[in-house]
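Everything on this sheet refers to the single structure shown next.
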There are 2 protein chains.
Amino acid sequence: MGVTKRFIHSDYINEIARIAKVFAHPARVSILKYISEQESCICNDLVDEIGLSQATISQHLTVIADAGLLKGIYKGKAKCYCINLETFENFRETLNSFFITTKSKCC
Amino acid sequence: MGVTKRFIHSDYINEIARIAKVFAHPARVSILKYISEQESCICNDLVDEIGLSQATISQHLTVIADAGLLKGIYKGKAKCYCINLETFENFRETLNSFFITTKSKCC
DNA sequence: TCGTAATATTGCAATATTACGATAATAAGT
DNA sequence: ACTTATTATCGTAATATTGCAATATTACGA
C-alpha cells in the first residue's frame with residue numbers, strides 16, 4: 001500500500017500529474033519565481049532569500065532540474081541556474097490545454 | 001522536521017502550490033477528466049472506471065471537493081459530481097498567469 | 001421500517017516527502 | 001597543494017500521502 005498506482009492511468013494523465021507535482025510545493029514555486037526575477041542567472045543566494053537550509057534548497061533544485069526545468073548549470077564557485085524556457089512553456093501549454101479540454105467537455 | 005514551511009512564503013506562492021497539489025496525483029487527474037466527459041453528471045462508476053477501491057476514490061474526491069472543484073453534490077442513492085467550472089477556470093488562469101509572468105521575467 | 005445500493009469514514013500499513021545537520025565534492029584563487 | 005566558497009549527497013527524523021478492508025452513514029424503494 002501507499003504506492004501511487006501509475007500503471008492504471010494513461011501516459012497523458014501521468015504526465016499532467018508529474019508536471020503539477022513540481023509546482024505542488026511552495027519552496028519550488030518560490031525558487032522558480034526568484035530565479036526568473038534575476039537579471040543575471042547567478043543565483044547562489046536562494047538560501048538567504050528563501051528561509052530554508054542549503055541542503056533543502058539543493059534537494060528542491062534537484063526536483064526542478066529532474067523535471068527538465070533548469071538549464072545552463074555551469075559548474076564553478078557559484079552555479080548558474082536558469083529556467084529552461086522551452087520546457088517551461090511546454091509545461092504551461094500542457095497544463096493549460098488539459099484545463100481547456102477538460103472544461104469544454106464538462107457537463 | 002518533515003513539515004512544509006508554508007509561513008515563509010507569500011500567500012500567492014502558497015496558492016499556486018495548493019492548486020498544483022490537486023493535480024499532482026494521477027488518480028485525481030483521471031477523476032476530473034472522467035467527470036468532465038460524462039454527458040449527465042451522474043458519475044457513480046468512477047470506481048469501475050479507474051482501478052482503485054471505493055474508499056480510495058472517495059478520499060481523492062474529498063481532496064478535489066475541498067479545493068472547491070466540485071459542485072452539485074446531491075445526496076441520494078447515487079451522488080452527482082460536477083466540476084465547479086468557475087473555480088476550475090480560476091485555477092487555470094492563476095496557474096497560467098504564474099507561468100506567463102515567471103517566464104517573462106526570466107533571464 | 002427494512003433492505004439495499006451508493007458513498008463516507010475509520011484505522012492501519014506502506015511508501016513518499018520534507019527538512020536539516022554533517023560531510024563530501026567541486027572549482028576558483030593563492 | 002592549500003584554502004575558501006559553493007553546491008551536492010548522506011543519514012536520519014518527522015510528517016504527509018496513498019491505498020484498502022472494514023464499518024458507518026445516507027437515501028431510496030418496497
Side-chain angles (χ1 to χ4, degrees), chain A residues 1-9 13-14 17-31 34-35 38 40-67 70-82, chain B residues 1-9 13-14 17-31 34-35 38 40-67 70-82:
Chain A
M1 281 174 252
V3 203
T4 298
K5 294 187 167 180
R6 293 181 211 287
F7 60 89
I8 65 174
H9 308 286
I13 294 290
N14 281 312
R18 188 183 71 86
I19 292 173
K21 206 159 202 175
V22 178
F23 305 92
H25 194 287
R28 291 194 287 273
V29 179
S30 278
I31 288 170
Y34 183 72
I35 291 179
Q38 296 315 105
S40 78
C41 70
I42 292 127
C43 312
N44 56 348
D45 43 357
L46 278 166
V47 176
D48 298 328
E49 202 61 30
I50 304 167
L52 292 169
S53 77
Q54 184 269 323
T56 304
I57 295 289
S58 183
Q59 274 186 142
H60 281 302
L61 277 168
T62 301
V63 173
I64 297 170
D66 285 351
L70 291 184
K71 74 166 179 181
I73 303 178
Y74 306 114
K75 302 217 165 189
K77 215 164 163 183
K79 277 208 179 168
C80 163
Y81 300 115
C82 262
Chain B
M1 283 174 251
V3 203
T4 298
K5 294 186 166 179
R6 293 181 211 286
F7 61 89
I8 66 174
H9 307 285
I13 295 289
N14 281 313
R18 189 183 70 86
I19 292 173
K21 205 159 202 174
V22 178
F23 304 93
H25 194 287
R28 292 194 287 273
V29 179
S30 278
I31 288 170
Y34 183 72
I35 292 177
Q38 297 314 107
S40 79
C41 71
I42 291 127
C43 313
N44 56 347
D45 43 354
L46 278 168
V47 178
D48 299 327
E49 202 60 30
I50 304 169
L52 292 168
S53 77
Q54 184 269 322
T56 304
I57 294 288
S58 183
Q59 275 185 138
H60 281 301
L61 277 168
T62 301
V63 173
I64 296 170
D66 285 351
L70 291 184
K71 74 168 179 180
I73 303 177
Y74 306 114
K75 302 219 169 188
K77 216 164 166 184
K79 276 208 178 169
C80 163
Y81 300 114
C82 264

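Chain letters run A, B, ... following the sequence lines, proteins first and then strands; every chain starts at 1. Treat the numbers as computed from the prediction; the structure is a model and nothing was measured.
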Practice problem: Specify the separation, in whole Å, of atom CD of A/Q59 and atom P of D/dC10. | Solution: 11 Å

Quiz item: Do A/R28 and A/V63 come close enough that some side-chain heavy atom pair is under 4.5 Å?
Solution: yes

Practice problem: Please tell me which of the listed nucleotides, D/dT18, D/dC20, C/dC20, lies nearest to the side chain of B/A55? | Solution: D/dC20

Practice problem: Name all stems that contain residues of DNA chain D, defined as runs of 3 or more consecutive Watson-Crick or G-U wobble pairs, both distances under 3.5 Å. | Solution: C:1-30 with D:1-30

Practice problem: Could you check if a side-chain atom of A/I64 sits within less than 4.5 angstrom of a side-chain atom of A/I35, using non-hydrogen atoms only? | Solution: no

Quiz item: NA contact type, B/R6, heavy-atom cut-off 4.0 Å: base, sugar-phosphate, or nothing?
Solution: nothing

Quiz item: Is the shortest side-chain N/O distance from A/K21 to OP1 or OP2 of C/dA16 below 4.0 Å?
Solution: no

Quiz item: Ignoring hydrogens and angles, does a donor from either the side chain of B/Q54 or the base of C/dA6 sit under 3.5 Å from an acceptor on the other?
Solution: no

Practice problem: Return the value, rounded to whole Å, for the distance between atom CZ of B/F23 and atom C1' of D/dT17. | Solution: 18 Å

Practice problem: Please report the shortest heavy-atom distance between A/D45 and A/Y34, naming the atom on each side. | Solution: OD2-OH, 3.2 Å

Quiz item: Just to confirm, is there a sub-4.0 Å distance from OP1 or OP2 of D/dA5 to any side-chain nitrogen or oxygen of A/K79?
Solution: no

Quiz prompt | Among C/dA19, C/dA8, D/dC20, the one nearest A/L52 by side-chain distance | solution = C/dA19

Quiz item: Partners of A/H60 by ring-ring contact (aromatic ring centres under 6.0 Å, His included), sequence neighbours excluded?
Solution: A/H25

Exercise. Starting at atom CD1 of B/I8, determine the distance to atom P of C/dC20, rounded to an integer number of angstrom.
Key: 8 Å

Practice problem: For B/L70 and B/Y81, work out which heavy atoms get closest and say how close. | Solution: CD1-CD2, 4.0 Å

Quiz item: Side chains of B/I31 and B/E49: closer than 4.5 Å at any heavy-atom pair?
Solution: no

Quiz prompt | Nearest-angstrom distance from the residue atom CG of A/D45 to C1' of D/dA5 | solution = 14 Å

Quiz item: Can you tell me how far the OG1 atom of B/T62 sits from the CD1 atom of B/I57, to the nearest 0.5 Å?
Solution: 11.0 Å

Practice problem: Could you check how far CG of A/D66 sits from C1' of C/dT17, rounded to whole Å? | Solution: 15 Å

Quiz item: The side chain of B/Y81 lies closest to which of these nucleotides: C/dA8, C/dG11, D/dT9?
Solution: C/dA8

Quiz item: Counting side-chain heavy atoms from CB outward, which of D/dA22, C/dA8, D/dA16 is closest to B/V3?
Solution: D/dA16

Quiz item: Mapping B/A27 and B/T4 onto DNA chain D by nearest heavy atom, which one lands closer to the 5' end?
Solution: B/T4

Exercise. For B/I64 and C/dA8, give me the distance from atom CD1 to atom P, rounded to whole Å.
Key: 11 Å

Quiz item: Given atom CD1 of B/I31 and atom P of C/dA8, what is their separation to the nearest angstrom?
Solution: 11 Å

Practice problem: Name the nucleic acid region contacted by A/I57, choosing base, sugar-phosphate or nothing; use a 4.0 angstrom heavy-atom cut-off, strictly under. | Solution: nothing

Exercise. Taking only the side-chain heavy atoms of A/H25 (C-beta and beyond), determine which of C/dT18, D/dC20, C/dC20 contains the nearest atom.
Key: C/dT18

Practice problem: Please name all residues satisfying side-chain contact (heavy atoms from CB on, under 4.5 Å) with B/A24, sequence neighbours left out, ordered by chain then number. | Solution: A/A20, A/K21, A/A24

Quiz item: Any side-chain N or O of B/H60 under 4.0 Å from OP1/OP2 of D/dT17?
Solution: no

Practice problem: Check every atom of C/dT9, D/dT15, D/dC20 against the side chain of B/S58 and return the nucleotide holding the closest atom. | Solution: C/dT9

Quiz prompt | Atom-pair distance (NE2 on B/H9; P on C/dA19), nearest Å | solution = 7 Å

